[in-house]
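Structure first, commentary second.
In what follows, chains carry the letters A, B, and so on, assigned in the order in which the sequence lines appear, proteins first and then strands, with residues in each chain numbered from 1.
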2 protein chains.
Amino acid sequence: MSVRGSKTGRPVMRVLDVLGRRWSLRVLWELRDGPLTFRGLRDACDDVSPSSLNQRLTDLRALGVVEAGEDGYALTSAGRELAKLLLGLSRWAEAHVR
Amino acid sequence: MSVRGSKTGRPVMRVLDVLGRRWSLRVLWELRDGPLTFRGLRDACDDVSPSSLNQRLTDLRALGVVEAGEDGYALTSAGRELAKLLLGLSRWAEAHVR
DNA sequence: CGCGTTCGCTACACATTCCGTAGCAAAGGA
DNA sequence: TCCTTTGCTACGGAATGTGTAGCGAACGCG
């Protein structure tokens, strides 16, 4: 399978593509404070359907931001850096939304 | 219509929801260097279908990050701050993706 | 061991979303 | 006038996401 969207293959395009799918950003967000089990993630993410969650976890693992470990799913070191950006997103949201 | 996803109404959830739709992040990315017309955005975004683009622009305008002006669509000041985070995302991508 | 619970995950049918194409009315140029 | 380009909508089909049920494996407990 090729990357959906841009055909340039530029890294940023691949990232925008994967993160622009439902639950991607949310999963990253929920993992920001440590690992969660599959079931735990489901609970954290408004009971997302297991099929969708599994698909998203597959995508995120392929991107190298999430990995499956002893106590469930966790961010990789790269993923933790990405999560820092999400923290900025959260601050932005608190300041500008509603 | 209410916010899809989280029922808490927390700002960050609303943002994760809107940005987690296809083309949202990409549109923000393509507007980072200045305004683009509807057609210009379409060209920049791999010829996204006009229906999808229009839907996304509606979402992003509702979120307050994009506005329609004289020379097409542009980021609001809040949107420009958001775009800065995307720049960090781009740097992250160059460093960690393939 | 046996029994129940929880785990990660899959199957499958249904619903929503997205897409591609066509095309409209309005604005501009020649 | 006629041709082009604009922003945008309509609509049917394709892709994606959803909800429910349930599997086999691993656990706790007696």
Please report, rounded to the nearest Å, how far the [atom2] atom of [N] is from the [atom1] atom of [X].
X: A:Gln55; N: C:dG8; atom1: CD; atom2: C1'; answer: 16 Å
X: A:Leu36; N: C:dG8; atom1: CG; atom2: C1'; answer: 14 Å
X: B:Asp43; N: D:dC8; atom1: CG; atom2: C1'; answer: 15 Å
X: A:Arg39; N: C:dC9; atom1: CZ; atom2: C1'; answer: 9 Å
X: A:Arg42; N: C:dG8; atom1: CZ; atom2: P; answer: 10 Å
X: B:Arg21; N: C:dT16; atom1: CZ; atom2: P; answer: 14 Å
X: A:Trp23; N: C:dT16; atom1: CH2; atom2: C1'; answer: 14 Å
X: A:Arg61; N: C:dG8; atom1: CZ; atom2: C1'; answer: 10 Å

Below 4.0 angstrom from OP1 or OP2 of [N], is there any side-chain N or O of [X]?
X: B:Ser51; N: C:dG20; answer: no
X: B:Arg22; N: D:dA15; answer: no
X: A:Asn54; N: C:dG8; answer: no
X: B:Thr37; N: D:dG7; answer: yes

For B:Val18 versus B:Ser24, what's the shortest heavy-atom pair and its separation?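 Between these two residues, the closest heavy atoms are O-OG, 2.9 Å.
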
Please give me the minimum heavy-atom distance between B:Ser52 and B:Trp23, naming the atom from each residue.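 Closest pair (atom of B:Ser52, atom of B:Trp23, distance): CB-CD1, 4.4 Å.
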
Ion pair present between A:Asp17 and A:Arg14, side-chain N to carboxylate O less than 4.0 angstrom?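 Salt bridge: no.
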
Hey, does the Lys NZ or Arg CZ of B:Arg32 hover above the aromatic six-ring of B:Trp29, less than 6.0 Å from the centre and inside 45° of the axis?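 Cation-pi check for B:Arg32 and B:Trp29: passes.
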
Hey, does B:Arg56 reach any base, or is it just sugar-phosphate, or nothing, if we go heavy atoms under 4.0 Å?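 Sugar-phosphate, backbone atoms only, no base.
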
